[in-house]
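I have placed the structure first, in the form of structure tokens, so that the comments after it can refer back to it.
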Amino acid sequence: MDRLRFLKQHLEENFIVASLILLILLFGTASDNFFSVITLTTILNQLPALTVITVGMTLVLIVGGIDLSVGSVMGFSATVVGVATVAWGLPLPFACIVGLMAGLMCGLTNGILVSYLALPSFIVTLGMLEMARGLAYITTNSQTVYIGGAIQKISLPLPIIGVSAALLVAVATVIVAHLALTRTVMGRFIIAIGTNEQAARMSGIDARPYRLCILAASGALAGLGGIFNAAYLGSADPNAGIGFELSAIAAAVIGGTSLMGGRGSILGAFAGVLIITILQNGLAQIGVSEPAKRLITGAVIIVAVLIDRWRGTHSAS
Amino acid sequence: MDRLRFLKQHLEENFIVASLILLILLFGTASDNFFSVITLTTILNQLPALTVITVGMTLVLIVGGIDLSVGSVMGFSATVVGVATVAWGLPLPFACIVGLMAGLMCGLTNGILVSYLALPSFIVTLGMLEMARGLAYITTNSQTVYIGGAIQKISLPLPIIGVSAALLVAVATVIVAHLALTRTVMGRFIIAIGTNEQAARMSGIDARPYRLCILAASGALAGLGGIFNAAYLGSADPNAGIGFELSAIAAAVIGGTSLMGGRGSILGAFAGVLIITILQNGLAQIGVSEPAKRLITGAVIIVAVLIDRWRGTHSAS
Amino acid sequence: GDAALDPHPSKSTDDSDPRPVVALIMKSLANEFFVTMANGARAHQAAHADQYRLIVNGIKNEVDLAEQVGLIDQMIASRVDAIVISPAGSKALVPALARAVDAGIAVINIDNRLDQDILAEYGLEIPFVGPDNFLGAKMVGQYLASRLSEGDEVAILEGVTTAFNAGRRSAGFNEAAAEAGLNVVAQQSAQWDQTKAVTVTSAILVQHPNLVAILCGNDNMALGAAAAVNQAGKRGKIIIVGFDNISAVQNLIRDKTILATVDQHADLLAVFGIESALEALSSTMPIKDKSTPVDLITSESLD
Amino acid sequence: MATTRLSISGLSKSYSTPVLNDVNLSINCGEIHAIVGENGAGKTTLVNILAGITHKDAGEIILDGERYAPSGPKDGFNAGVSYAAQELSIIDTLSVAENIWLRELPHKMCVIETARLEQKTRGLLDLVGLDYLSSNTPTERLSLSERQLIELAKALAADARVVILDEPTAALAGPQAARLHDIIATRAGKGASIIYISHRLGDVLSVAHTVSVLRDGQVVSSAPANTLTVDDVIHQMSGQSYPKREISPGAAHEKKPVLEVDKVTTKDLPHPISCTFYPGEIVGVAGLAGAGKSEFLSALFGLTRLRTGRISRYSDAGSINIDDPAHAVRSGIGYLGEERLSMGLFNGHSVLANMMIPGIGSCSSLSFLNRVAERISSQDLIEQLAIRCDGPQQLVEQLSGGNQQKTLIARWLHCGSRILLLDEPTRGVDVGTKSAIYELLFNMRDEGKTIIVASSDVEELMTLGDRTIVFSARKLVREFQRDGWAENDMLTAAFQEFTDQSTVRRNTGELPQQNTGRP
Ligand SMILES: Nc1ncnc2c1ncn2[C@@H]1O[C@H](COP(=O)(O)OP(=O)(O)OP(=O)(O)O)[C@@H](O)[C@H]1O
Ligand SMILES: Nc1ncnc2c1ncn2[C@@H]1O[C@H](COP(=O)(O)OP(=O)(O)OP(=O)(O)O)[C@@H](O)[C@H]1O
Ligand SMILES: [Mg+2]
Ligand SMILES: [Mg+2]
């Protein structure tokens with residue numbers, strides 16, 4: 001019984017993997033230099049920020065909410081890191097902690113409003129989307145802050161391992177979140193709350209602290225994404241992360257997370273991040289025009305979910 | 001009994017009206033020239049596009065979906081109107097029809113994918129958001145198309161009535177949609193489907209054609225919004241409507257529509273549109289800085305829903 | 001109508017304050033270029049506080065024409081005396097500006113030139129104060145070409161493709177490249193955005209291993225390109241030039257990561273615009289177009 | 001000789017395992033045909049196929065001489081088959097009248113004619129005994145039995161040839177069930193065929209003309225009701241019989257109280273309630289529909305805010321006030337709600353996950369789940385309660401209604417609560433399992449636990465309750481000791497607050513006004 005389920009789940013994730021491989025093959029044939037170590041490094045370099053943010057988003061979606069503020073919070077946190085390093089002269093680790101705290105604060109605010117004032121998360125985080133962007137502009141006086149070499153080390157390959165510290169942290173985040181969701185009591189509770197809050201309440205689970213935690217975590221992860229973004233750019237861009245929320249949601253949903261709550265997979269979401277990142281890269285390598293990029297991106301998002309759905313009905317019947 | 005229900009509903013809408021009046025008074029004291037006929041005209045001129053799009057969005061939300069593509073579809077339809085007038089030399093009414101059809105096509109595509117392939121509307125319309133924008137760029141070769149005087153008549157005040165044709169159409173749309181939702185059989189079905197699709201199915205209602213119709217209508221209304229936008233600008237802007245989807249959702253939710261489906265009010269949504277438009281106008285007249293604008297906008301969105309919620313718990317207990 | 005001919009349209013209802021009101025309408029207040037512009041304007045106003053009052057507005061994103069038209073209407077509603085505008089689009093704003101002129105408001109066009117044909121159609125003459133983006137781009141392109149040899153592969157990062165300035169700058173880059181016989185192997189848009197610029201540059205670097213230089217339509221994209229080059233381990237092997245001279249780019253020019261940029265003096269742009277507006281309010285003579293300087297910024301010129 | 005209305009032959013349906021296997025059945029015009037069987041026997045699946053909600057794998061259905069193969073519920077209605085489902089199809093955001101007439105709202109050019117709708121609804125509400133409700137009351141406010149009656153009214157609204165009622169009385173009190181039986185007898189007298197599914201075998205034998213027994217996906221017998229006894233039917237259903245258990249009264253009042261209700265009022269319970277519960281007793285809560293039983297239980301669990309008074313929980317750890325479900329569960333109180341779909345089940349998740357939720361602590365260490373322990377516990381519970389499923393990993397929404405109910409009961413058995421609040425615990429549960437559940441409850445009582453059971457089934461309360469408290473019109477009116485009362489005494493008490501029919505209307509009908517009239 002259990003074996004069968006495992007196999008089925010395996011197959012499900014394989015469908016996403018199949019989409020991924022298809023995409024890679026397509027770009028491989030369309031572009032001469034797609035299959036190269038440098039392409040791989042390029043893609044790996046781009047992953048960390050979207051990955052950690054998508055992990056947060058997936059958790060929020062599973063608990064039955066949505067977090068539209070991640071992109072702005074990421075931008076805000078990046079500017080905080082930038083200003084903390086450059087203007088206040090904090091050493092990098094402290095600056096990063098301050099950046100994380102900025103993200104956490106935004107997340108906590110979202111969480112308190114959603115949990116304890118029972119406001120819809122869509123609206124609260126939409127408000128925060130505006131406000132965190134405003135804060136990012138205030139922090140930097142709307143200017144890009146050049147940080148310089150030190151912070152870039154976070155996103156440059158480490159000597160022996162060959163991948164960056166940012167990527168390691170991002171992958172660790174994926175693993176920890178996956179285990180927390182599937183193996184812990186808290187994970188069960190989060191899924192229960194997302195599935196049927198009323199029933200969870202009748203089972204003695206108070207949804208509010210969990211909602212609060214998850215939204216705060218999403219804020220903190222967006223803060224982490226901000227650090228990665230600053231490291232990636234070597235500077236703090238107050239406009240960083242515009243539209244990131246939609247990419248993160250798309251990645252989560254491509255990976256099988258339901259927008260209705262109660263259902264989702266962190267590993268699947270990670271596969272979704274890979275698909276989106278590879279798509280962006282491949283399209284840039286082929287050098288297609290901006291309109292064509294839009295058309296192709298839109299189509300791939302729909303087709304990826306279509307494949308997922310087709311698999312769903314196919315394996316169910 | 002009926003009287004009481006009516007009164008209650010009346011009171012509910014009054015809470016939004018109270019928020020509105022508060023906002024107007026605030027701006028009236030903060031800016032010398034806020035209370036003037038020309039401010040009123042300015043605001044009335046800006047209403048039509050957001051109004052019709054919010055009507056579509058509200059219907060989609062009530063039937064349990066979401067339409068993220070409205071902004072892009074509006075842009076696409078505006079460019080189609082522009083190209084039809086300028087490049088193909090179609091007379092204005094025909095060009096407008098072609099523009100409406102463009103919106104309708106996008107909406108139908110959304111509708112078919114959501115209803116008959118059972119894909120989540122969030123993702124389908126996210127894909128359409130990208131694709132329609134790509135189409136808008138292709139249509140105009142990424143350039144603003146100058147249309148000229150004829151189309152502007154739509155958004156200029158009519159001689160005797162003193163308001164524009166666009167506004168008349170928009171208000172008519174609000175009224176028709178309100179009556180359709182509250183008085184017709186189809187309205188009941190839409191509410192039923194949005195509340196509990198399974199139960200609706202057991203009662204012999206097939207959700208698919210209704211979902212399809214509503215999403216198609218939302219596309220057509222976005223097309224209408226595109227015509228209004230082109231009329232407002234006197235030219236077709238391929239970037240028109242970026243971020244409109246979030247404004248429309250915010251307006252709908254401020255007006256009491258639930259993102260969970262089954263509950264919502266067209267009149268409330270219209271009040272939401274007024275709040276958002278007045279807010280934008282007032283902030284511009286005071287001339288606050290961009291970061292402050294963001295902070296205030298975000299806060300107003302949250303506070304408006306907070307007032308709504310406070311009213312909800314208050315009248316329920 | 002008649003109001004347009006009135007040289008002193010002091011319609012401000014606030015009689016206690018006789019100073020005229022000048023509205024500065026920009027493309028965005030979230031972009032350093034326009035922040036500099038706004039700061040220049042505010043500094044000027046502070047120095048000439050007795051002469052006029054200032055309202056500064058910008059739109060949320062640089063491409064939202066409808067929002068900018070809305071701003072113009074709001075300024076008409078606020079009964080300002082003059083509008084100094086950096087238009088988000090060269091065509092779509094003309095009708096709204098025509099309304100402003102009809103309402104007796106003096107209008108000055110800065111930064112991004114309005115479409116002459118459409119102005120003519122409305123019978124408008126709106127003075128223009130601004131730099132020549134094409135010339136600036138060509139200038140930095142030529143400076144770059146002097147470091148390269150014929151046949152070298154270069155790439156262009158373009159801004160938002162629908163923006164007029166983006167097109168002018170790309171055209172300037174292309175002309176400089178053509179004159180020097182450089183080979184433009186890629187031209188992609190990174191939407192003025194730093195993060196997108198890294199993605200696009202990284203991909204171009206993979207696709208064109210022999211690339212020697214990248215010309216960027218603004219400094220944000222230049223910063224992104226520099227980060228991408230750094231990540232690809234090609235630091236020092238690829239020359240980058242930008243546009244706008246934002247403060248963050250100056251460090252990189254000093255350490256030679258970025259070769260050069262162009263300063264179009266955003267602060268002066270607003271000041272010249274406001275001065276033209278004040279002139280229009282106080283004289284009956286038609287106001288002449290003014291050209292603002294474009295300067296090449298290199299590590300030498302920074303010191 | 002009556003003519004055949006519906007003839008089913010060779011009907012089969014399989015999911016992962018066969019559910020219906022070559023079912024043959026024939027139903028006449030004017031006949032009340034009962035279908036009985038254990039939980040998971042396939043009754044709901046069978047009628048779902050008739051209503052067009054599920055599609056058959058094989059077999060043929062003849063309706064009045066014509067082949068009948070509905071492709072959806074709409075086809076079913078059009079063919080004159082109306083259906084009151086086990087999982088109620090009430091839409092919360094619509095009014096009573098709109099729910100009843102949803103598929104044929106009276107309209108002129110698409111605009112709903114409110115006056116005609118109201119008038120069409122009035123008669124139906126009177127018929128099912130909801131005369132005190134206004135036809136535009138929103139349905140989300142109604143109690144479970146009221147919702148069940150609305151579902152019935154909906155099925156009776158159309159003048160159907162075949163009326164399918166799947167456990168229509170599961171939440172109804174005696175008088176209401178009797179009323180329903182009168183209604184269907186009248187309908188049958190006019191020529192309609194009624195398919196009646198119920199686990200209340202006494203009712204079945206008194207109201208039905210024919211009784212068919214479904215077991216292992218097949219019809220094992222189909223016989224006139226007057227030739228059968230309850231024991232026969234039970235035997236045919238399960239292949240075994242259940243001897244009546246000797247009930248020993250609980251050893252209550254020996255210790256100090258565990259739960260004390262002190263002058264409590266809530267929004268829906270306006271009259272102060274005081275009572276005390278002790279370890280080692282089962283307390284029944286009786287009352288008619290809307291009497292306030294459920295409201296009382298949810299107050300005990302901390303779900304409803306108290307207006308006045310307080311509820312104290314005494315345990316070894318001291319005394320606390322119950323004001324929140326999370327506190328209640330932590331202090332060892334378990335609660336089974338009456339509405340299993342919205343208040344209990346986590347659809348889309350496994351039986352295991354559904355069972356383990358409140359007691360998950362015992363299957364985890366340092367908050368990490370112990371999957372082996374989970375599987376073993378859930379397997380045990382499945383056997384203990386005879387839950388028919390493919391294993392602990394099956395999705396809970398695929399279980400039959402009765403088995404879902406058992407899954408929810410299992411949840412609290414596993415949790416080891418000291419106090420159990422059970423609202424309609426055996427709703428839709430078959431006779432065999434019902435006695436197994438009673439057995440479990442008695443054992444728990446004998447271990448010193450306290451069990452409070454609200455039920456609309458008087459027989460159940462007589463069996464279980466060491467004492468029974470009776471609500472009438474949202475007021476606690478009487479308390480009976482075990483064996484100190486007969487069914488009639490309870491009814492008298494339950495009607496106590498209603499001196500005549502008009503008071504019934506006023507007493508319950510005033511509710512919505514109270515709610516909206518509040519500031
Ligand atoms: N969608 C499904 N997938 C898998 N199995 C199903 C599904 N629906 C029903 N079943 C199985 O079919 C069997 C019969 O279920 P059904 O609901 O018809 O039983 P029932 O006789 O109505 O029982 P109850 O008295 O509990 O209502 C059950 O064992 C159930 O697990
Ligand atoms: N949310 C609500 N708002 C208003 N009235 C309510 C609400 N919930 C229940 N009621 C009313 O309160 C009364 C008591 O309901 P309750 O559910 O406690 O009845 P019950 O005794 O459990 O009946 P049943 O046997 O039908 O379950 C009913 O008349 C019901 O209509
Ligand atoms: Mg059943
Ligand atoms: Mg009840």
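Not measured: the values here are computed from a predicted model. Naming: A, B, ... by sequence-line order, numbering from 1 per chain.
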Max heavy-atom pairs within cutoff under 4.5 Å with chain B, candidates D/Glu98, D/His107, D/Glu113, goes to D/Glu98
Please determine if B/Arg263 and D/Glu140 form a salt bridge, counting it only when a charged side-chain N lies under 4.0 Å from a carboxylate O. yes
Evaluate whether atom CE of B/Met101 has more than 12 neighbouring non-hydrogen atoms of other residues, nucleotides or ligands under 6.0 angstrom away. no
Do B/Arg201 and D/Ser89 come close enough that some side-chain heavy atom pair is under 4.5 Å? no
Would you check, one step at a time, whether the test side-chain contact (heavy atoms from CB on, under 4.5 Å) holds for D/Ile53 with B/Met202? CA-CA 7 Å; D/Ile53 291 166; B/Met202 301 258 275; 3.3 Å; yes
Checking heavy atoms, do the side chain of B/Ala200, its backbone, both or neither come under 4.5 Å from chain D? both
Working note: D/Leu105 + B/Arg188, criterion side-chain contact (heavy atoms from CB on, under 4.5 Å); need CA distance, chi angles, decisive distance, verdict. CA-CA 9 Å; D/Leu105 288 167; B/Arg188 290 293 109 137; 3.7 Å; yes
Which portion of B/Ile191 sits near chain D, non-hydrogen atoms under 4.5 angstrom: both
Please tell me if the side chains of D/Arg103 and B/Ile205 come closer than 4.5 Å, counting only heavy atoms from C-beta onward. no
Which atoms of D/Leu94 come close to chain B, meaning under 4.5 Å heavy atom to heavy atom: side chain ones, backbone ones, both, or neither? side chain
A side-chain contact here means heavy atoms from C-beta on lying under 4.5 Å apart; do B/Arg183 and D/Ile112 qualify? no
Within a radius of less than 6.0 Å around CZ of D/Arg122, do more than 12 heavy atoms belonging to other residues, nucleotides or ligands occur? yes
